[in-house]
Amino acid sequence: MAAATAKLQEQFDAGLETRADFTIDQPLSRYGAVDHAVWDQLYRRQAGLLAGRANDTFLAGAAQIGLNVAHVPSFEAVSERLMRATGWRIVAVPGLVPDRIFFEHLANRRFPVTWWIRRPDELDYLQEPDCFHDLFGHVPLLTNPVFADAIEAYGQTALAAHARDPRTLTLLARLYWYTVEFGLMRDPGAPNGVTIYGAGIVSSKGESIYSVESPAPNRIAFDLDRVLRTRYRIDTFQKTYFVIDSFGQLFDALGAGVASRLADPASLLDAEPFGAGDVLAGDTVLTRGTGAGWRDEGDV
Ligand code: HBI
Ligand code: FE
């Protein structure tokens with residue numbers, strides 16, 4: 001969090017006027033030729049890698065909202081197209097925003113997008129979300145009505161649960177992590193039987209190949225309670241991916257499912273969490289990972 005805070009401070013210092021909801025006007029004049037070239041390079045690289053690996057609606061959505069351009073897109077132009085598709089908008093922010101503010105935006109069909117883009121020497125890995133991760137990773141699927149409703153429902157549930165009991169943040173973050181950020185979807189027509197929809201995967205060169213093709217990680221059918229109890233790694237490729245059947249299933253989980261589960265979160269909060277690489281007796285295992293590169297090297 002220290003790096004993110006420093007980054008935020010840097011933006012404040014640079015004189016960007018930040019509103020109470022942490023939004024700013026996208027400072028278009030601050031992008032230079034290098035920034036635009038980074039977007040162009042990342043977009044073309046990921047579009048190539050994701051053909052046949054990502055969920056069908058993902059790349060179609062990216063083109064639909066005008067991300068297939070050779071420069072950092074105008075957030076206003078993207079917003080206009082997205083609004084027509086599902087009534088969602090994107091808003092520019094300096095970086096990570098406080099949890100409550102983040103949930104409030106989602107609950108009101110606004111997706112916060114970090115305005116700045118990584119440097120050319122950071123193409124492959126970045127610790128905090130930048131414009132490419134937020135916009136290319138998260139926004140294309142918001143053109144899908146069911147996915148769009150699922151994220152709004154998550155925002156509303158998270159806002160209420162977090163206000164009632166801040167300890168639920170851990171649980172909410174696990175659910176978001178294993179679906180919105182690192183989710184796979186079952187697809188019998190795909191070469192490996194699954195396609196990518198998670199934003200952390202689609203915006204990563206290495207993980208967009210690893211998540212669907214590597215024998216190392218576990219791929220386990222999504223189960224709400226299981227995911228709510230599972231720790232995650234932020235510093236390596238995932239040891240386990242959870243696989244949904246449809247965006248309808250995601251909507252049920254991020255909507256009524258987690259809302260009812262968090263109405264009385266005590267048992268979940270008290271339970272010992274599962275490790276990121278654990279495979280349990282009750283799991284529906286699609287692929288049991290070989291663990292190459294991580295099993296026996298100590299779990300989280
Ligand atoms: N802020 N800009 C931004 N993007 C996020 O994904 C984000 C955030 N603040 C908090 C937050 N995520 C977490 O609350 C969730 O990932 C659970
Ligand atoms: Fe993200």
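Note that ligands are numbered from 1 as they come in the structure, with each ligand's atoms numbered from 1 the same way.
For the residue pair Glu207 / Tyr125, no side-chain donor-acceptor distance below 3.5 Å is found, with atom types taken as modelled.
Note: an N/O pair closer than 3.5 Å links Val97 and ligand 1 by distance alone. Taking only nitrogen or oxygen atoms, main chain and side chain alike, Asp99 reaches within less than 3.5 Å of ligand 1. Not one N or O of Leu172 is nearer than 3.5 Å to an N or O of ligand 1, by distance alone.
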Would you please test Trp177 and Gln238 for side chain to side chain donor-acceptor pair (under 3.5 Å) and show each step? CA-CA 10 Å; Trp177 189 265; Gln238 300 306 302; 3.1 Å; yes
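Not close to ligand 1: Phe22, with no non-hydrogen atom less than 4.0 angstrom away. Within the structure, ligand 1 lacks Thr114 among the residues with a heavy atom less than 4.0 angstrom away. Within the 4.0 Å heavy-atom cutoff, Phe111 does not count among the residues contacting ligand 1.
The heavy-atom pair separating Asn218 from Gly289 by the smallest distance is OD1-N, 2.8 Å.
If you check which protein heavy atom lies closest to atom 17 (C) of ligand 1, you get Tyr154 OH, 3.8 Å. Here the protein heavy atom with the shortest distance to atom 2 (N) of ligand 1 is Gly95 O, 3.1 Å.
Residues satisfying the ring pair (Phe, Tyr, Trp, His ring centres under 6.0 Å) criterion with Phe102, sequence neighbours excluded, are Tyr176.
Of the heavy atoms in Trp177, none comes closer than 4.0 Å to ligand 1.
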